[in-house]
Visitor: 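Provided herewith is a single structure, encoded as structure tokens, for subsequent inquiry.
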Number of protein chains: 2
Amino acid sequence: MKMSGGVEWGLHCCVALSGAGAPVTAAKLAELHDVSQSYLAKQLQLLSRAGLVRSTLGQSGGYVLTRAANEITLLDVVEAIDGVQPAFRCTEVRQRGPLAVPAERCDTPCPIARAMDSADRAWRESLRAVTIADLIADVNRTTPPEILAGAREWLRA
Amino acid sequence: MKMSGGVEWGLHCCVALSGAGAPVTAAKLAELHDVSQSYLAKQLQLLSRAGLVRSTLGQSGGYVLTRAANEITLLDVVEAIDGVQPAFRCTEVRQRGPLAVPAERCDTPCPIARAMDSADRAWRESLRAVTIADLIADVNRTTPPEILAGAREWLRA
DNA sequence: TTCTATTCGGACAAAAGTTATCCGAGTCAA
DNA sequence: TTGACTCGGATAACTTTTGTCCGAATAGAA
Ligand code: SF4
Ligand code: SF4
């Protein structure tokens, strides 16, 4: 049970992108976080496919957020990078073995699957309640303005 | 993001064990669910290490639950088999790269880690609210008594 | 208009984690 | 005492994840 480590990078990139108005290249984002630029590119591709960011090609190109920061939830990023499939996947064990339940009785999900689904929903609901804007607000509150300005400048350069 | 498939088997085994008062061997449980007995044995070992089941060695040995069914939550089984580590693991990216935040400012977890932790807690809390006894009650309610009796008999034989 | 430098995108390996299996140490019943 | 049967941990095969690479497409400069 481990979610893709790229989720963390993706979230950081969203926060960074929100700060810089101009497109930022994948290479710059990778240098900022000191991670493999090739692999970070992969995550950005996933974000692009999900429609969270838009890529501009050619010179002075890069990535830009497609929506306002308060319209992007953590769940959006997690599902874009880590996938939408629930962690628990029922194998329909009850339909196998000597005491197999006939398929006609399996119209409704069993209690195990229901409980797992409920937990998964609670998890997603919790992630949906937080937006990128919330993260930024927290960062702005706990970081001195001078450092924030420096970061913005570094991204632009 | 995928939890170990053995969780499903482990849960089914707990339900089955609760039904049969006598010890049940791993081989019998495997045959019941039509899964690899070697691999199911591994999952039962995990349950044993976690203290959820107790193994009896030698002839007429097998596995028995250590507590009442209403004292075993789904979270217990999930954590025993899938591990207790949270799905999201912070790599402390903020302490790397040219704009690295000094370690002295990293005393409190960042908003991303907090949100992820909160979601993880909600997930676990949801799983903790359901017990093996709840599952059994649901099965008893939706399954004809004749089939239940047959299953109990099959386990005993 | 042409050309070049720069960008992203998907195809291609390496590593890790999961799944599946085996045989030996220990134990209980006969 | 015997003997067969149990679990337990150590051992391979596979799948998923992670990481890397180079080519197609683009925007700007000449
Ligand atoms: S009882 Fe639930 S978890 Fe088990 S096989 Fe049926 S649907 Fe899947
Ligand atoms: S900002 Fe949060 S998720 Fe990112 S490195 Fe820091 S603690 Fe980890």
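So that the names make sense, note that chain A is the first sequence line, chain B the second, and so on, each numbered from 1.
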Visitor: Would one find more than 12 heavy atoms of other residues, nucleotides or ligands at under 6.0 Å from atom CZ of A:Arg67?
Guide: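 It does: A:Arg67 CZ has more than 12 such atoms within range.
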Visitor: Just do the side chain to side chain donor-acceptor pair (under 3.5 Å) check on B:Thr91 and A:Glu8 with the steps written out, would you?
Guide: CA-CA 8 Å; B:Thr91 328; A:Glu8 184 177 359; 2.7 Å; yes
Visitor: Is it the case that B:Lys42 places NZ or CZ above or below the six-membered ring of B:Trp9, under 6.0 angstrom from the centre and within 45 degrees of the axis?
Guide: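 No.
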Visitor: Within the structure, does a side-chain N or O atom of A:Thr25 lie under 4.0 Å from either OP1 or OP2 of C:dC8?
Guide: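 No, no such contact exists.
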Visitor: Take the protein atom CZ of A:Arg54 and the nucleotide atom P of C:dC8, then report the distance between them rounded to whole Å.
Guide: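 After rounding, the reported distance stands at 14 Å.
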Visitor: Would you indicate whether the side-chain heavy atoms of B:Asp117 and B:Arg121 approach each other to under 4.5 Å?
Guide: yes
Visitor: Among residues 71-91 of chain B, which residues get a heavy atom nearer than 4.0 Å to DNA chain C?
Guide: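 Correct list: empty, so none.
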Visitor: At a heavy-atom distance below 4.0 Å, what parts of residues 32-50 of chain A sit against DNA chain D?
Guide: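 By residue number: A:Ser36, A:Ser38, A:Tyr39, A:Lys42.
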Visitor: Are the side chains of B:Leu17 and B:Val53 in contact, using a 4.5 Å heavy-atom criterion?
Guide: yes
Visitor: Does the side chain of B:Leu11 come within less than 4.5 Å of B:Val15's, by heavy atoms?
Guide: no
Visitor: Measure the shortest side-chain to side-chain distance between B:Ile136 and B:Ile132 over non-hydrogen atoms and say whether it is less than 4.5 angstrom.
Guide: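 In contact.
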Visitor: Counting C-beta onward and ignoring hydrogens, is there a side-chain heavy-atom pair between A:Leu52 and A:Leu65 closer than 4.5 Å?
Guide: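 A side-chain contact is absent here, since even the closest heavy-atom pair is not under 4.5 Å.
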Visitor: Would you indicate, yes or no, if C:dT19 has its OP1 or OP2 atom less than 4.0 angstrom from a side-chain nitrogen or oxygen of B:Lys2?
Guide: yes
Visitor: Are any non-hydrogen side-chain atoms of A:Val78 and A:Trp123 less than 4.5 angstrom apart?
Guide: yes
Visitor: Between D:dT18, C:dC8, D:dG28, which nucleotide has the shortest distance from any of its atoms to the side chain of A:Ser55?
Guide: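 Between D:dT18, C:dC8, D:dG28, the one nearest the side chain of A:Ser55 would be C:dC8.
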Visitor: Heavy atoms from C-beta onward define the side chain here; which of C:dA20, C:dC8, D:dC5 lies closest to that of B:Gln59?
Guide: D:dC5
Visitor: How long is the line joining CE of B:Met1 and C1' of C:dT18, in whole Å?
Guide: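 B:Met1 atom CE is separated from C:dT18 atom C1' by 16 Å.
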Visitor: Please classify the nucleic acid contact of A:Gly6 as base, sugar-phosphate, or nothing, using heavy-atom distances under 4.0 Å.
Guide: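 Nothing, no heavy atom under 4.0 Å.
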Visitor: In whole angstrom, give the distance that lies between atom CE of A:Met3 and atom P of C:dG17.
Guide: 16 Å
Visitor: Within this structure, what is the CG-to-C1' distance between B:Leu57 and C:dT27, rounded to whole angstrom?
Guide: 5 Å
Visitor: With heavy atoms under 4.0 Å as the rule, sort A:Ala26 into base, sugar-phosphate or nothing.
Guide: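 It contacts sugar-phosphate atoms only.
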